[in-house]
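The structure appears right after this line, and notes come after that.
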Protein chains: 2
Amino acid sequence: MPEARATILVVEDDPEIRRFVCSALAAEGHKVVESANARRGAIDATTHRPDVAIVDLGLPDFDGLEVIRGIRRWSPMPVIVLSARSREHAKIEAFDAGADDYVTKPFGVGELLARVRVALRHAVRPASGEGALRLGPSTIDLVARRATRDGAEVHLTPTEFRLVGCLAKHAGMVVSHKQLLGEVWGPTHLADTHYLRIYMKQLRDKLEADPLRPRHFITETGVGYRLLADDPA
Amino acid sequence: MPEARATILVVEDDPEIRRFVCSALAAEGHKVVESANARRGAIDATTHRPDVAIVDLGLPDFDGLEVIRGIRRWSPMPVIVLSARSREHAKIEAFDAGADDYVTKPFGVGELLARVRVALRHAVRPASGEGALRLGPSTIDLVARRATRDGAEVHLTPTEFRLVGCLAKHAGMVVSHKQLLGEVWGPTHLADTHYLRIYMKQLRDKLEADPLRPRHFITETGVGYRLLADDPA
DNA sequence: CCCCTTTTTGATGGCATCTTTACGGGGCAG
DNA sequence: CTGCCCCGTAAAGATGCCATCAAAAAGGGG
């Protein structure tokens, strides 16, 4: 049984469409979280921290736009809108609220799945372009979710992967504590800088040649952390 | 200073649609590169290095998919497909060839522009050295929070960065003591001008070729300081 | 139901950064 | 010449952040 390729949140009130979408996603090997209204969607987003969110606009309690804005306050996760509103203005409004894609009903599953693939591509693509990073004796392949050190496979936990992924997306640049905490642990843990220290140590122990003198997982005191990858050039 | 907000490549054979799209993009302040066929599109992509590419699929010489695949061999730039083919299979094929978005004709300009904004949001990966200042032997990259001197990395503390950033925002002009103190240390330290002296010395020691004779961190006696950067022209 | 993995919490020591204090030097006016 | 003001230089103390160790709590799979 292959590990779930990704966690995907589906916020949709129509039970028929929801089942339809979720089973298609599950068939692709994804772990799916379902929410029937905006309030639950917002909660599930923070608790499950999905890799991609699919959000309907016409929800019974609040407008789906509010869900998107709520997510955007703490995470850049890809958001795909799934809506019956086909007017151009609705699309523009959704995009400017932070949506990354917009699919109008009726839609084809194949297209939706393809757009999810694109979103996942964006979510893991590091700044250096390639899927695999080289860090001295170690390599990290974000798309395959694998890491090696001196040729041997190193096991990284989901949280560890999330963290390296977040750092790798901005390779070479400093990523602030708040941003890391928001993307990895959700908006309820923005103050728990402690988690960062612990997981940084684990990553350094697993991937750095000399964990006591890290050369790739650099700490920027008072600001955040930075991942320095070797130039593949 | 209407500097182009981004460079956008439009590969489209229909002259009418091309003019339509390009003028809309230009009106948004973008620099636009136009190509009428696949061969020129592939060439223009490599020579102009656009931030986003908009590609039609039905081109006279080759299929637009080939343009996308060609780009994907060397660049992760966002590619938006603009096509009359509305069949689902065509979309899936385009996405899996590397497209990031798919708009079917007929389309609304507003929606296209919104999708371009989304693509630019994704592309905002200012290659390190893009927003960098050059000061003789040193460089300062404010977005990556990184500084180098003679090619070697120089570490700057948070306040040092805030100070440089404050000076850089008004590069070439005098920034008063009060303004610097207010922006860096807050309104409660407007009188602590000696902070400036201390941190200026640290910056000069770290970044000036001859710290005793500063050429970039200039003191304006009785007024404030000024940052002289080399023209990146 | 139990065990293993993963996540979270707690406590301690060390270090980087910021702040504070002190002294030397040059320009200018009296 | 001398005192004042402003700037540069140096170094020590305080604070808060970070690394590390240790271990309990939560979750998931067999």
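Just so it is clear: chains get the letters A, B, ... in the order the sequence lines come, proteins before strands, and each one is counted from 1.
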For atom [atom1] of [X] and atom [atom2] of [N], their distance in whole Å:
X: B/I198; N: D/dC7; atom1: CD1; atom2: P; value: 13 Å
X: B/L181; N: C/dC18; atom1: CG; atom2: C1'; value: 15 Å
X: B/D210; N: D/dT9; atom1: CG; atom2: P; value: 10 Å
X: A/M200; N: D/dC17; atom1: CE; atom2: P; value: 17 Å
X: A/L196; N: C/dT9; atom1: CG; atom2: C1'; value: 15 Å
X: A/H194; N: C/dT7; atom1: NE2; atom2: P; value: 16 Å
X: A/H189; N: C/dT6; atom1: NE2; atom2: P; value: 19 Å
X: A/R197; N: D/dC18; atom1: CZ; atom2: C1'; value: 5 Å

Touch class at under 4.0 angstrom, heavy-atom based, for A/T193 against every strand present: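 The answer is nothing, as A/T193 stays clear of every strand by at least 4.0 Å.
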
Sugar-phosphate, base or nothing in reach of B/L212, heavy atoms under 4.0 Å: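 Here B/L212 touches the backbone only, sparing every base.
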
Flag, side chain of A/D14 to backbone of A/E16, donor-acceptor distance under 3.5 Å: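 Yes.
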
Test item: A/N37 side-chain N/O and A/P60 main-chain N/O as donor-acceptor pair under 3.5 Å: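 Checking the backbone N and O of A/P60 against the side chain of A/N37, no donor-acceptor pair under 3.5 Å is found.
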
N-O pairing of B/D96 and A/R117 below 4.0 Å: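 Salt bridge between B/D96 and A/R117, a charged N being under 4.0 Å from a carboxylate O: yes.
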
Would you mind telling me which of [options] lies closest to the side-chain atoms of [X]?
X: A/Y199; options: C/dT8, D/dC21, C/dT21; answer: C/dT8
X: A/H155; options: C/dT7, C/dT8, C/dT6; answer: C/dT6
X: A/T219; options: C/dC18, D/dA19, D/dT9; answer: D/dA19
X: A/H177; options: D/dG8, D/dC18, C/dT17; answer: D/dC18
X: A/T157; options: C/dT19, C/dT6, D/dC18; answer: C/dT6

Looking at [N], I'd like to know if its phosphate oxygens (OP1 or OP2) sit under 4.0 Å from a side-chain N or O belonging to [X].
X: A/T159; N: C/dT7; answer: yes
X: A/K201; N: D/dC21; answer: yes
X: A/W185; N: C/dT7; answer: no

Neighbour count >12 (heavy atoms, 6.0 Å) for atom CZ, A/R39: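 Incorrect, the count does not exceed 12.
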
Nearest-nucleotide 5' precedence on DNA chain D, B/R204 against A/V223: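 Its nucleotide being nearer the 5' end, the pick is B/R204.
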
Option from B/R162, B/K178, B/K169 for which salt bridge (Lys or Arg N to Asp or Glu O under 4.0 Å) with B/E183 holds: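 For B/E183, the salt bridge (Lys or Arg N to Asp or Glu O under 4.0 Å) check succeeds only for B/K169.
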
